[in-house]
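Every chain is numbered from 1, with letters handed out A, B, ... down the list of sequences.
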2 protein chains.
Amino acid sequence: MPQRAVVPITAEGLKTACSQCNLQELCLPFGMSDGDIDQLDGLVGARRKVKRHQHLYRVGDTFEAIFAVRTGSFKTDVLLEDGREQVTGFQMSGEIIGLDGISTDAHTCNAVALEDSDVCIIPFANLETLSREVESLQHQFHKVMSREIVRVHGVMMLLGSMRAEERLAAFLINMSQRFTARGFSAAEFHLRMTREEIGSYLGLKLETVSRAFSRFQENGLIKVQQKHIRIVNIGGLKALLSHLPSV
Amino acid sequence: MPQRAVVPITAEGLKTACSQCNLQELCLPFGMSDGDIDQLDGLVGARRKVKRHQHLYRVGDTFEAIFAVRTGSFKTDVLLEDGREQVTGFQMSGEIIGLDGISTDAHTCNAVALEDSDVCIIPFANLETLSREVESLQHQFHKVMSREIVRVHGVMMLLGSMRAEERLAAFLINMSQRFTARGFSAAEFHLRMTREEIGSYLGLKLETVSRAFSRFQENGLIKVQQKHIRIVNIGGLKALLSHLPSV
DNA sequence: TGGGGCGTTTGATCCACGTCAACCCGCTTG
DNA sequence: CAAGCGGGTTGACGTGGATCAAACGCCCCA
């Protein structure tokens, strides 16, 4: 199968078919009719494998496509000159990466694979063309962008107004929900990111994250074994969010 | 001039014309050809006045339109059950409010006028229809959404990784740039929001904001008189961001 | 013209989280 | 099998910003 010119060496020539993909309900096609989804098959160019710790794109890369995570997971981050890192998000299968690039035709953050991963390449010019013809695609794409804005508003709330344990509880609940949506256990999962990356995302140092995990375990809320998490008392975690602290 | 059914009582029947508007370069029409902009005139429904401290919309309101600020300014915020507020943004003339509503067809934050203000109502269904026909509008709208994503990534950096004075310096520089873009002085401006609102946006308490202002004044970076700010040493402010703290 | 209230400033004290450091564990590599 | 290392945990201590509290100034309005 011939490789396309736009596709870097790391890309697979494999043609992707949204119509055949089992991530439909989590991804761009969500809510679209079968007929409309068939049209997407022509849009999604190819797949690309990204190995653990490799960049999918970097700050400054020219923007040509957005990506849908097929397998694996990613973090996106932005760096300060002095090296401080802020993780802006963790992305799992079905989620869209790269929307930051539309604004200036260049990426404004880095996207790094947390494990060996695999994305669908969605050339942005083609997406705009097709979404002028397919109303449901246009609408879905707008929802995807809006959802990202809403997500980040939530993170701002978390960073600006919550204390460490609230932040971590919110993070765990969020992870649990996303694993559930993907057919995995809500109560038991494997975190792909380090304590430092979690901390960066939550505006905390890794030691604080580690201590909060330990505290949760002492209080019987979760069971921690390195990156493996088991949620024992989801209600207790949720209570940390709606709380008065000492009830 | 007849009022339209969709328009609430607070709305003015005044027809808006993007083609005549002097905010073009700051607003949705940015980068569009005159001919394309003429098409927007049919899209933008009406204007609406919002008095100081009144809501433009609230969490839960059904989403029907996005808004372009014509005059005045707004804050958007999200509240926690226990009353904690997180300001998610301040919007000035030409900026678009309401993108958070697309995701679920209901608004997920509140928009409140900081002073007597005036917005253009852009019915979203019409915007989608027209942007299927006018490529430049489609593209501009995508850029507006992406720019919002990039902005909030910056705020995450600020909330997650910067100390109080860095946050406030970044805030002042950003305000200065936005005033400049609107033809106002880069060095002297009037803040529309309270110390508490600034603090909420920056993840700080109002006392901390106040102290940081005072410190900046002591160091000859700015001159503060209540809400009136004069930037004396913009380079000094910028240095606070790229810094080593004690140089 | 005077009073009341909101927003702001400033000081004194506290504490949640950061910093620094030691140590542990599981994996990799020679 | 040892050595090295990246990631994680835990403890002791320091500090930036929160909290609590008092007072001030501007503005609105009677």
### Summary
In whole angstroms, the gap separating P of dG7(D) from CD1 of I198(A) amounts to 13 Å
### Query
Heavy-atom distance under 4.5 Å between the side chains of V59(B) and L79(B), does that happen here?
no
Would you tabulate the side-chain donor-acceptor contacts of residues 213-223 of chain A under 3.5 Å, counting partners in other chains and residues two or more places apart, or write 'none'?
| unit_1 | atom_1 | unit_2 | atom_2 | d |
| --- | --- | --- | --- | --- |
| S214(A) | OG | S210(A) | O | 3.1 |
| R215(A) | NH1 | E165(A) | OE2 | 2.6 |
| Q217(A) | OE1 | V224(A) | N | 2.6 |

### Task
Would you mind reading off the distance between K205(A) atom NZ and dT15(D) atom C1', rounded to a whole angstrom?
14 Å
#### Entry: Which atom of M145(A) lies closest to which atom of I102(A), heavy atoms considered
CE-CD1, 3.6 Å
### Task
Please check if any side-chain donor atom of S161(A) sits under 3.5 Å from a side-chain acceptor atom of E85(B), or the reverse.
no
#### Entry: Atom-pair distance (CZ on R215(A); P on dA16(C)), nearest Å
9 Å
#### Entry: Rounded interatomic separation in angstrom, taking CD from E218(A) and P from dT9(D)
12 Å
### Query
Tell me: CZ of R195(B) to C1' of dT9(C), nearest whole Å?
9 Å
### Task
Enter the inter-axis angle for the ends of the helix from dT1(C)-dA30(D) to dG30(C)-dC1(D) (five pairs per end, rounded to 10°).
40°
### Message
Counting only side-chain heavy atoms from C-beta out, which of dG17(D), dT9(C), dT9(D) sits nearest to V224(A)?
### Response
dT9(D)
### Nearest heavy-atom neighbours spanning D100(B) and H153(A)
CB-CE1, 4.3 Å
## Note on the structure
In whole angstroms, the gap separating C1' of dT19(D) from CG of L206(B) amounts to 11 Å
### Message
Does dT8(C) have its OP1 or OP2 closer than 4.0 Å to a side-chain nitrogen or oxygen of K227(B)?
### Response
yes
### Task
Write down the distance between NE2 (H53(B)) and C1' (dC28(D)), rounded to a whole number of angstrom.
14 Å
### Query
With respect to the side chain of T208(B), which nucleotide from dT9(D), dG7(C), dA18(D) is positioned closest?
dA18(D)
## Note on the structure
residues 168-181 of chain A vs side-chain hydrogen bond (donor to acceptor under 3.5 Å, both in side chains), sequence neighbours excluded, gives E95(A)-R178(A), N174(A)-R178(A)
#### Entry: Closest to side chain of R211(A), choosing from dT10(D), dG7(C), dA18(D)
dT10(D)
### Interatomic distance where CD belongs to E207(B) and P belongs to dT19(D) [whole Å]
8 Å
### Query
More than 12 foreign heavy atoms under 6.0 Å from CZ of F30(B): is that the case here?
no
### Task
Give one of base, sugar-phosphate or nothing for G199(A), where a contact means two heavy atoms less than 4.0 Å apart.
nothing
### Task
Go through dC17(C), dT9(C), dG8(D) for me and flag the one nearest to the S214(B) side chain.
dT9(C)
